[in-house]
Protein chains: 2
Amino acid sequence: MGNPKVDKDIVIDKLMEVFRSVGYDGASLADLAAATGLKKASLYHRFPEGKEAMAHAVLDHVADWNEKEVVAILMSSKPAEKRLNTVLDSINDLYNGGRLACILRALSHGTAADLFRNEIAAIFQNWVVAFAHLAADFGHEPEMAKRLAESTLIRIQGSLILAQTLQQPNLFKNALNDIKSDFLKPSGNK
Amino acid sequence: MGNPKVDKDIVIDKLMEVFRSVGYDGASLADLAAATGLKKASLYHRFPEGKEAMAHAVLDHVADWNEKEVVAILMSSKPAEKRLNTVLDSINDLYNGGRLACILRALSHGTAADLFRNEIAAIFQNWVVAFAHLAADFGHEPEMAKRLAESTLIRIQGSLILAQTLQQPNLFKNALNDIKSDFLKPSGNK
DNA sequence: GTCTATAGCTAGATAGAC
DNA sequence: GTCTATCTAGCTATAGAC
């Protein structure tokens with residue numbers, strides 16, 4: 001296939017940056033071209049289906065990251081507490097300590113909502129399954145483990161919104177700590 | 001001022017519907033005109049500053065609703081538990097049991113992020129103050145009361161995202177229940 | 001595979017009749 | 001205060017040279 005991956009990952013990374021900061025509808029082809037350093041026509045050469053395909057490529061990349069950095073770790077055989085800490089650290093890095101928006105949320109609105117809902121839902125569901133698995137290893141009952149996993153995603157998404165709107169990144173850090181203590185707690189409440 | 005409020009509230013309500021379902025960047029003047037039943041030129045007659053002014057009007061309306069239905073109730077002298085239940089019911093209605101997106105979040109992204117951040121942040125902060133007041137009345141220490149109030153907003157925002165993406169409104173209902181038990185709990189954890 | 005140039009359209013916003 | 005008609009700028013997308 002010639003030399004197909006020269007800087008493909010960099011391009012996807014730059015596309016992601018734009019989508020995540022201004023959303024799908026807010027991202028113009030001119031923005032995307034400027035961010036990648038490519039001209040519009042070159043972007044269309046790589047993504048013949050246009051902007052929609054660019055967002056799909058970004059989501060595929062996110063799904064891969066998710067499998068490697070979250071699901072695989074949470075499902076591994078290391079000690080439960082170590083798994084939790086490793087993943088929460090990754091998540092903290094991913095969002096730069098609460099300063100960066102979530103790409104999944106950015107692609108959940110406006111025109112994008114209908115286009116990408118299924119892909120995004122699949123990623124969320126993988127997180128829930130993986131975190132529920134971890135919660136079970138911490139000794140939580142199945143039903144409670146699932147609630148705890150859902151609550152984890154809820155806290156991450158909600159705290160990112162507040163952290164960015166109020167420009168208080170600590171709200172995100174606090175949420176990560178709350179998540180940790182929820183998992184460590186003996187069970188019986190959420 | 002003649003007859004200035006013929007259907008002004010209805011217009012604002014329709015504008016809000018559009019912004020909340022497709023976001024600020026996703027909402028075209030054509031969409032807004034169609035939803036209100038007015039032509040574009042008529043919208044500009046009412047909002048000479050254009051789309052931005054329409055969103056500001058919507059936010060003002062939201063701020064008013066917030067003062068009446070949330071802040072005033074939470075600050076009243078009724079029993080704490082009754083105040084909590086009343087407000088959570090209002091919030092549940094507002095979002096139609098988790099089926100509707102939050103207008104504040106819809107206006108927090110893309111181009112809109114910079115335009116409306118201060119107004120939205122002010123509304124969030126009012127919620128935090130009011131819920132912290134309630135938490136104090138439930139016997140929580142000041143520091144914990146504030147954390148609990150922040151956690152309340154986080155749970156609402158986060159659960160709305162998940163509820164809509166996964167199309168499971170129950171995730172929102174569960175979050176409201178979790179909020180309730182957090183307030184009722186003796187304190188010591190969040 | 002990248003570029004310049006441009007087509008075709010829709011966006012936000014106005015002019016001016018009624 | 002509402003309308004039809006229209007302007008200009010920006011949008012997504014394509015053609016075709018290199």
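Throughout, a chain's letter reflects where its sequence line sits, starting with A, and its residues are numbered from 1.
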Looking for any heavy atom pair under 4.0 Å, which part of the strands does B:Lys40 touch: base, sugar-phosphate only, or nothing? base
Rounded to whole Å, how long is the line connecting atom CZ of A:Phe47 with atom P of D:dT14? 15 Å
Whole angstroms only, please: what is the CZ-P distance between A:Arg46 and D:dA13? 18 Å
Separation of C:dT4 atom P from A:Leu43 atom CG, nearest Å, is 13 Å
Is a side-chain donor or acceptor of A:Thr165 paired with a backbone partner of A:Leu162 at a separation under 3.5 angstrom? no
Does A:Ser42 put a side-chain nitrogen or oxygen below 4.0 Å from OP1 or OP2 of C:dC3? yes
Evaluate side-chain contact (heavy atoms from CB on, under 4.5 Å) for A:Gln167 paired with B:Arg117, printing each intermediate quantity in order. CA-CA 9 Å; A:Gln167 297 181 290; B:Arg117 178 176 292 117; 3.7 Å; yes
If you check every side-chain atom of B:Tyr44, which of D:dA13, C:dA13, D:dT2 has the closest atom? C:dA13
Are A:Glu150 and B:Asn174 close enough that a side-chain donor and a side-chain acceptor fall under 3.5 Å? no
Among the nucleotides C:dT14, D:dT2, D:dA15, which one has an atom lying closest to any side-chain atom of A:Ala41? D:dA15
Taken to the nearest whole Å, NE2/B:His45 to P/C:dC18 is 18 Å
I'd like to know if B:Arg46 pairs up with B:Asp7 as an ion pair, taking the criterion as any Lys NZ or Arg NE/NH1/NH2 lying under 4.0 Å from an Asp or Glu carboxylate oxygen. yes
Atom pair distance, as rounded to whole Å: CD in B:Glu52 and P in C:dA11: 19 Å
Identify the two heavy atoms, one from B:Leu32 and one from B:Lys51, that lie closest to each other, and give their separation to 0.1 Å. CD1-CG, 4.2 Å
Under 3.5 Å, is there a donor-acceptor pair linking the side chains of A:Asp31 and A:Ser28? yes
For B:Lys51 and C:dG12, what is the distance between atoms NZ and C1' respectively, to the nearest whole Å? 8 Å
Per the under-4.0 Å heavy-atom filter, residues of residues 22-31 of chain A near DNA chain D come out as A:Ala27, A:Ser28, A:Leu29
Send over the distance from A:Met54 CE to D:dC11 C1', rounded to a whole Å. 13 Å
Say whether, by atom type as modelled, one donor and one acceptor occur between the side chain of A:His140 and the main chain of A:Phe183 under 3.5 angstrom. yes
